Every structure is written in C-alpha cells, then in structure tokens.
Chemist: 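Here it is, the structure in full.
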Amino acid sequence: MRLHVADHPLITHKLSVLRDEKTSSQQFRSLVEELVTLLSYEATRDVRTESYELQTPVAKTTGLRMTDPVPLVVPIIRAGLGMLDGFLKLVPNVEVGFLGMRRNEETLQPETYAKRLPENLANRQCFALDPMLATGGSLVAAIDFLFDAGAVDVTAICIVASPEGIERMREAFADRNVTVVVGALDEGLNEDGFIVPGLGDAGDRLYGVAE
C-alpha cells in the first residue's frame with residue numbers, strides 16, 4: 001500500500017477553512033468539491049493511458065487517452081457522495097458506482113447495505129471516495145468488496161486520515177495494489193473514534209443531521 005499526502009499550499013488553505021466549525025454547510029460542500037478536484041489530480045497520476053495519432057490544425061501528432069475499460073469511481077455513501085462532483089469535474093468520462101457501508105451494531109463490523117456496480121470489475125482501475133479515514137473499517141471493507149469483484153488496483157481519496165486508519169490499511173493491503181491519497185494526515189483518534197483535529201462529522205456537515 002502506498003500513501004501520498006498532498007501537502008500543497010492551496011489544499012492546506014482550503015482544508016483549514018473546511019476544519020473551521022463556523023464554516024456553513026453551503027461553503028463546506030463547495031470546499032469539499034474544490035479539494036477533491038485537487039486531490040484527484042494527484043490521485044490520477046497513474047491512470048492507464050494509450051497513445052493515438054491525431055490531427056491538429058497544423059500537423060499530425062501523438063496524444064494520450066485513457067484506455068478501455070475506463071476507470072470506475074465509487075463514492076462510499078453517504079459522505080462520499082459529497083466528493084463525487086469534485087472528481088467528475090476533473091475526470092468526467094469515467095463510470096460511477098456506489099457502495100453503502102455502515103457498522104452492524106451487534107457485531108460492530110462494517111457491512112454493505114447498498115451497492116450499484118458493474119457485475120464484473122475485471123481489469124478495472126477503481127477510485128474510492130470517502131472523506132474521513134478514521135478507524136479504516138468501512139474503507140477496508142469497501143476496497144475488499146471491489147477486489148472481490150475483480151478490480152486490479154484501487155486508489156482511495158480521503159480529505160483527512162488518522163495514523164490508526166493508515167496503519168489498518170497497510171495491514172489489510174500489504175500485498176495489494178492500493179494507493180491512499182489524503183489532504184492531511186492528522187494527529188490521531190479520540191476516545192469516540194473521531195479524527196483529531198479532523199473535520200467533525202463530514203456527512204452531517206455536508207447534508208445536515210438526518211435521523
């Protein structure tokens with residue numbers, strides 16, 4: 001597993017405003033979109049491409065285009081939905097799938113409650129979107145689900161991550177082709193499992209509190 005912390009000044013600036021508890025939901029959503037576009041630029045460096053010949057108004061030349069099958073981007077519902085537009089703004093010609101993950105209150109383990117994916121992910125590059133990598137349970141389960149469906153490599157894009165979550169990802173995917181791209185690696189988790197300093201509950205700040 002590879003970790004890339006995208007510590008660009010623009011990312012850090014936008015993330016600082018995002019962290020502020022005074023930031024409104026409207027501004028929070030807008031900043032998430034901007035941040036994810038910047039993080040997606042870093043995350044797509046190894047997207048598969050092929051050469052092809054094209055004609056400019058002046059002469060023939062060689063260009064690059066994404067190979068088939070095109071990548072699949074998978075937001076983890078619900079907070080990951082707020083990241084989708086930022087990714088599509090940079091890479092509009094991908095396919096989109098969805099995974100809903102939640103913790104089973106009896107087993108305390110993550111489980112899949114909703115999915116919308118191609119039946120076969122053989123030879124697909126996948127991008128998983130989840131704003132917070134805290135304990136890592138849900139993201140590990142989601143990435144396992146994609147590999148089980150045939151994906152060949154998965155890149156996770158997270159706005160912030162904890163060292164504990166990164167360590168769990170390393171243990172789970174020591175021999176898998178997984179990359180984690182984050183805007184910041186924070187201090188750790190508090191007793192309630194929230195990232196410190198973190199963002200708070202990203203889903204609630206994006207969409208409000210829903211029972």
Side-chain angles (χ1 to χ4, degrees), residues 1-7 11 15-16 18-19 21 28 31-32 35-36 39-40 42-43 73-84 86-87 97-115 117 126-149 151 153-211:
M1 194 213 82
R2 297 170 298 279
L3 171 66
H4 176 67
V5 180
D7 56 351
I11 292 176
L15 182 53
S16 298
L18 199 69
R19 292 185 192 275
E21 65 179 2
F28 193 91
L31 283 166
V32 165
L35 273 166
V36 173
L39 292 173
S40 298
E42 299 290 338
V73 57
V74 182
I76 311 303
I77 300 172
R78 82 178 157 141
L81 287 174
M83 303 173 68
L84 181 58
F87 188 92
F98 299 94
L99 274 178
M101 309 294 297
R102 65 184 170 200
R103 187 175 71 166
N104 184 304
E105 294 304 323
E106 293 183 0
T107 66
L108 302 182
Q109 297 301 311
E111 63 182 13
T112 303
Y113 69 87
K115 64 175 182 176
L117 297 169
C126 294
F127 294 86
L129 307 180
D130 198 1
M132 313 281 286
L133 176 53
T135 64
S138 294
L139 190 56
V140 166
I143 293 175
D144 273 334
F145 190 97
L146 296 175
F147 278 125
D148 289 343
D153 67 79
V154 179
T155 297
I157 301 175
C158 305
I159 296 173
V160 296
S162 72
E164 295 93 330
I166 293 297
E167 183 58 29
R168 183 163 182 180
M169 292 282 286
R170 290 193 191 280
E171 292 173 357
F173 304 116
D175 58 350
R176 292 281 203 169
N177 192 3
V178 172
T179 302
V180 180
V181 176
V182 301
L185 183 60
D186 278 7
E187 297 170 13
L189 300 176
N190 64 16
E191 61 275 11
D192 297 317
F194 280 94
I195 300 175
V196 179
L199 308 171
D201 188 307
D204 287 351
R205 296 193 70 186
L206 280 163
Y207 303 119
V209 179
E211 296 294 337

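Note that the structure is predicted; figures quoted are calculated from it, not measured.
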Chemist: My understanding is that only residues two or more places apart in sequence, or in another chain, count here; which of them pass salt bridge (Lys or Arg N to Asp or Glu O under 4.0 Å) with Arg168?
Modeler: none
Chemist: Does Ser162 reach the main-chain N or O of Ala134 with its side chain, forming a donor-acceptor pair under 3.5 Å?
Modeler: yes
Chemist: Decide side chain to side chain contact (heavy atoms under 4.5 Å, CB included) for Cys158 and Leu139; before the verdict, give the C-alpha distance in whole Å, the side-chain angles of both, and the deciding distance to 0.1 Å.
Modeler: CA-CA 10 Å; Cys158 305; Leu139 190 56; 3.9 Å; yes
Chemist: At what distance, to the nearest 0.5 angstrom, does CD1 of Ile76 lie from CG of Leu99?
Modeler: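 Going from the CD1 atom of Ile76 to the CG atom of Leu99 covers 5.0 Å.
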Chemist: The criterion is side chain to side chain contact (heavy atoms under 4.5 Å, CB included); which residues satisfy it with Ala149, sequence neighbours excluded?
Modeler: Leu121
Chemist: Rounded at 0.5 Å granularity, tell me how far CG in Asp153 sits from CG in Asn177.
Modeler: 4.5 Å
Chemist: Of all heavy-atom pairs between Leu206 and Gly82, which one has the smallest distance, and what is that distance?
Modeler: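 Looking at all heavy atoms of both residues, the closest pair is CD1-CA, 4.1 Å.
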Chemist: In chain order, what residues pass the side chain to side chain contact (heavy atoms under 4.5 Å, CB included) check against Glu167, with sequence neighbours excluded?
Modeler: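 With sequence neighbours excluded, Glu167 shows a side chain to side chain contact (heavy atoms under 4.5 Å, CB included) to Arg170, Glu171, given in chain and number order.
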Chemist: Apply side chain to side chain contact (heavy atoms under 4.5 Å, CB included) to Thr135 and Glu164, showing your working.
Modeler: CA-CA 6 Å; Thr135 64; Glu164 295 93 330; over 6 Å; no
Chemist: Can you sort out the partners of Ala161 under side chain to side chain contact (heavy atoms under 4.5 Å, CB included), two or more places apart, ordered by chain and number?
Modeler: Leu133, Ile166, Val182, Leu185
Chemist: Sort and list the pairs that fulfil salt bridge (charged side-chain N to carboxylate O under 4.0 Å, His left out) and have at least one residue in residues 172-188, not counting sequence neighbours.
Modeler: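 Residue pairs with at least one partner in residues 172-188: Arg19-Asp186.
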Chemist: Might you point out which heavy atoms bring Met132 and Ala202 nearest each other, and give the distance in Å?
Modeler: CG-CB, 3.9 Å
Chemist: According to side chain to side chain donor-acceptor pair (under 3.5 Å), who are the partners of Thr179, at least two apart in sequence or on a separate chain?
Modeler: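 In terms of side chain to side chain donor-acceptor pair (under 3.5 Å), with neighbours along the sequence ignored, Thr179 is linked to Arg2.
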Chemist: So, the side chain of Glu42 versus the backbone of His4: is there a donor-acceptor pair under 3.5 Å, distance only?
Modeler: no
Chemist: Name all residues meeting the side chain to side chain donor-acceptor pair (under 3.5 Å) criterion together with Asn190; count only those two or more places apart in sequence or in a different chain, and write none if there are none.
Modeler: none
Chemist: What is the minimum heavy-atom distance between Leu146 and Cys126, and which atoms define it?
Modeler: CD1-CB, 4.1 Å
Chemist: Are any side-chain N or O atoms of Arg205 and backbone N or O atoms of Gly200, one a donor and one an acceptor, separated by less than 3.5 Å?
Modeler: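 Side chain of Arg205 to backbone of Gly200: no pair is present.
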Chemist: Give me the atom names and distance for the closest heavy-atom approach of Ala79 to Pro131.
Modeler: CB-CG, 3.5 Å
Chemist: Working to the nearest 0.5 Å, report the span between CZ of Phe173 and CD1 of Ile143.
Modeler: 4.5 Å
Chemist: Which heavy atom of Ile159 sits nearest to which heavy atom of Leu18, and what is that distance?
Modeler: CG2-CD2, 4.0 Å
Chemist: Can you tell me how far apart CG (Asp201) and CD1 (Ile195) are? Round to the nearest 0.5 Å.
Modeler: 11.0 Å
Chemist: Dump the intermediate steps for side chain to side chain contact (heavy atoms under 4.5 Å, CB included) on Leu39 and Phe87, then the final yes or no.
Modeler: CA-CA 8 Å; Leu39 292 173; Phe87 188 92; over 6 Å; no
Chemist: Can you sort out the partners of Ile77 under side chain to side chain contact (heavy atoms under 4.5 Å, CB included), two or more places apart, ordered by chain and number?
Modeler: Leu81, Phe98, Tyr113
Chemist: So which atom in Gly97 and which in Leu117 form the shortest heavy-atom distance, rounded to 0.1 Å?
Modeler: CA-CD2, 3.8 Å
